[in-house]
Protein chains: 2
Amino acid sequence: MALAHAILASLLDASCSGYDLAKQFDSAVGCFWEASHQQIYRELSRLETDGHVVAEKVEQATRPNKKLYHITASGRDWLKTWIAQPASLSPLKDDLLVKLYAGHLVPRPILLAELHQHRQQHAERLNQFRARLEAHLQDDDSATQSFAYLAISHSIRAETAWLAWCDDAIALLEKSEKSRDQSDAPDNPSSP
Amino acid sequence: MALAHAILASLLDASCSGYDLAKQFDSAVGCFWEASHQQIYRELSRLETDGHVVAEKVEQATRPNKKLYHITASGRDWLKTWIAQPASLSPLKDDLLVKLYAGHLVPRPILLAELHQHRQQHAERLNQFRARLEAHLQDDDSATQSFAYLAISHSIRAETAWLAWCDDAIALLEKSEKSRDQSDAPDNPSSP
DNA sequence: TAACCCATGTAACCTGTTACATGATTAA
DNA sequence: TTAATCATGTAACAGGTTACATGGGTTA
């Protein structure tokens, strides 16, 4: 049920509307959790019925009205309890690696294009994460600062590692493609 | 629908029973995809009705009978089509980082215990992954070798990065705990 | 005037988890 | 004799995705 907890963690920093939360979990939590707006609205109404958040209606003149959600004492307690419970590792799931693993089935240029595209996406994510870290270090609350720093720094390291790996993978596939072009008996068009 | 594709990718190497697949997606695919046995049995029966795999009944004297699943030509084609379609990054989801981010809510020893425990789990996973890489490099099929190498090597890098990060995080939290013990006005028991 | 941003939701569907169910063989 | 391993499944539920729906204000 970590979506609920990620929402609560996000509301610790500042009260938000569902819309705010949906936009990449504004602020830092977006570095380690994602969810669609549908999921967030559903979860917020559950959290409200459970008393972990309260909604404040905000009427706006020029914009649609919105609901500002605030975390309650009960929400804090529930979050604390969850944090204190030991958990196992987050499940491994990565499409790109599955594709690459079976990559010998398809022509090399397709894989290379996919790797380039992923490299690009990781680079963008890395920039976002760096900006989020900056923003959080501006925060004058030294109690939360180093915790945020630790969490976001992992995300940054992970993206950096992705970029480096993409570069290596691209280099390897391009190299083997060239050497194949120069050879004279390529009877398997997708072998490295 | 990547579970189906991960199963097919796994069946490229060797035909398996549902039970075999469930045990960490025997062989390499387990480095980047996980699923419970219930999910796998459900998915295998769908793949069978779609004609992407065929089941061969194997009667065993001393063990329960089993079904060996083989990938079909249609399954291969379907896998190829999927690989060739551009995809976006796998979604970010990590409980531990959410916990750490809101870590100022709980006493430091709880976080430290959780970090130590995660470090241990990552170390175990790293060992498994290294063994899987070894096993795949023994494989004499040079066509699949470097693709497997690339995919698994990312998993190994990621686990290595986790270990290094855990060490840093533990060091930082332990250091700040010590300095707090020596100070004389710790009115916030969970601030670093 | 078309596209995008703000802002909230519903409904159907697919994916993943938890609990339940069975039953023989083998190693401690 | 207890627990683990092999081997397959069903059912109920929670989590996540896709599509649909609305409507005013702002920017190009």
Side-chain angles (χ1 to χ4, degrees), chain A residues 1-8 15-26 29-30 32-50 52-53 55-69 78 82 85 87-95 98, chain B residues 1-8 15-26 29-30 32-50 53 55-69 82 85 87-95 98:
Chain A
M1 259 232 270
L3 170 58
H5 301 100
I7 290 176
L8 292 177
S15 299
C16 290
S17 66
Y19 187 85
D20 294 334
L21 289 166
K23 309 199 62 164
Q24 327 187 29
F25 269 104
D26 84 304
V29 207
F32 16 94
W33 208 270
E34 288 173 8
S36 62
H37 83 269
Q38 294 89 339
Q39 248 187 300
I40 288 169
Y41 284 118
R42 182 168 56 184
E43 202 62 49
L44 278 172
S45 47
R46 270 183 244 175
L47 284 169
E48 198 183 3
T49 57
D50 292 350
H52 298 321
V53 301
E56 174 196 359
K57 275 172 200 162
V58 177
E59 307 215 340
Q60 299 184 122
T62 162
R63 298 262 165 229
N65 298 343
K66 64 176 174 180
K67 298 185 194 166
L68 257 190
Y69 287 94
W78 193 59
W82 174 74
Q85 274 166 346
S88 40
L89 304 186
S90 298
L92 295 165
K93 272 170 217 293
D94 196 281
D95 282 22
V98 176
Chain B
M1 258 234 270
L3 169 57
H5 304 284
I7 289 176
L8 291 178
S15 299
C16 290
S17 67
Y19 186 85
D20 294 333
L21 289 166
K23 308 198 63 164
Q24 328 185 28
F25 269 104
D26 84 306
V29 207
F32 17 94
W33 210 270
E34 286 173 10
S36 62
H37 83 271
Q38 294 88 340
Q39 249 187 299
I40 287 169
Y41 283 118
R42 182 168 57 187
E43 203 62 51
L44 278 172
S45 46
R46 271 184 243 174
L47 284 169
E48 197 183 1
T49 56
D50 293 349
V53 300
E56 172 197 0
K57 275 172 200 162
V58 176
E59 308 215 340
Q60 300 185 119
T62 161
R63 299 264 164 227
N65 297 342
K66 64 178 176 180
K67 298 186 195 165
L68 256 191
Y69 287 93
W82 174 74
Q85 274 166 347
S88 40
L89 304 185
S90 298
L92 295 164
K93 273 171 215 295
D94 196 282
D95 283 22
V98 175

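Labels below follow one simple rule: chain letters A, B, ... track the order of the sequence lines, proteins then strands, and each chain is numbered from 1.
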Undergrad: Taking the nucleotide of DNA chain D with the nearest heavy atom to each, does A:Arg42 or A:Ala61 sit closer to the 5' end?
TA: A:Arg42
Undergrad: Find the distance B:Ile40:CD1 to C:dT15:P and express it as a whole number of Å.
TA: 14 Å
Undergrad: Would one find more than 12 heavy atoms of other residues, nucleotides or ligands at under 6.0 Å from atom CD of A:Gln60?
TA: yes
Undergrad: What's the closest nucleotide to the side chain of B:Arg46 if the choices are D:dG16, C:dT18, C:dT15?
TA: C:dT15
Undergrad: Using whole Å, what does the distance between atom P of nucleotide D:dG25 and atom CG of A:Asn65 come to?
TA: 12 Å
Undergrad: Any chance you could measure B:Glu56, atom CD, to B:Lys66, atom NZ, to the nearest 0.5 Å?
TA: 9.5 Å
Undergrad: Taking all atoms of both residues into account, what is the closest heavy-atom pair of A:Leu44 and A:Val53, and its distance?
TA: O-CG2, 4.0 Å
Undergrad: Contact class for B:Thr62 (heavy atom, under 4.0 Å): base, sugar-phosphate, or nothing?
TA: sugar-phosphate
Undergrad: As an exercise, state the distance from CD of A:Glu48 to OH of A:Tyr69, rounded to the nearest 0.5 Å.
TA: 5.0 Å
Undergrad: If each of B:Tyr41 and B:Lys93 is mapped to the nucleotide of DNA chain D with the nearest heavy atom, which maps nearer the 5' terminus, i.e. the 5' end?
TA: B:Tyr41
Undergrad: Which is true for B:Ser17 with a 4.0 Å heavy-atom rule: it touches a base, it touches only sugar-phosphate, or it touches nothing?
TA: sugar-phosphate
Undergrad: How long is the line joining CD of A:Glu48 and P of C:dT8, in whole Å?
TA: 12 Å
Undergrad: Side chain of B:Arg63: nearest nucleotide among C:dT8, C:dT26, D:dT8?
TA: C:dT26
Undergrad: Are any of B:Lys23's side-chain N or O atoms less than 4.0 Å away from OP1 or OP2 of D:dT5?
TA: no
Undergrad: Nearest of D:dG9, C:dG9, D:dC6 to any side-chain atom of B:Tyr19?
TA: D:dC6
Undergrad: Could you tell me whether the side chain of A:Asp95 reaches within less than 4.5 Å of the side chain of B:Trp33, counting heavy atoms only?
TA: yes
Undergrad: Rounded to the nearest Å, what distance is computed from the CG atom of residue B:Asp95 to the P atom of nucleotide C:dT17?
TA: 12 Å
Undergrad: Please give, in whole Å, the distance from D:dC6 P to B:Glu59 CD?
TA: 20 Å
Undergrad: Quick one: A:His37 NE2 to C:dT8 C1', roughly how many Å, whole number?
TA: 7 Å
Undergrad: Would one find a side-chain N or O of B:Gln38 under 4.0 angstrom from OP1 or OP2 of C:dG16?
TA: no
Undergrad: How many whole angstroms separate atom CD of A:Gln60 from atom P of C:dC6?
TA: 11 Å
Undergrad: Take the protein atom CD of B:Gln39 and the nucleotide atom C1' of D:dA11, then report the distance between them rounded to whole Å.
TA: 15 Å
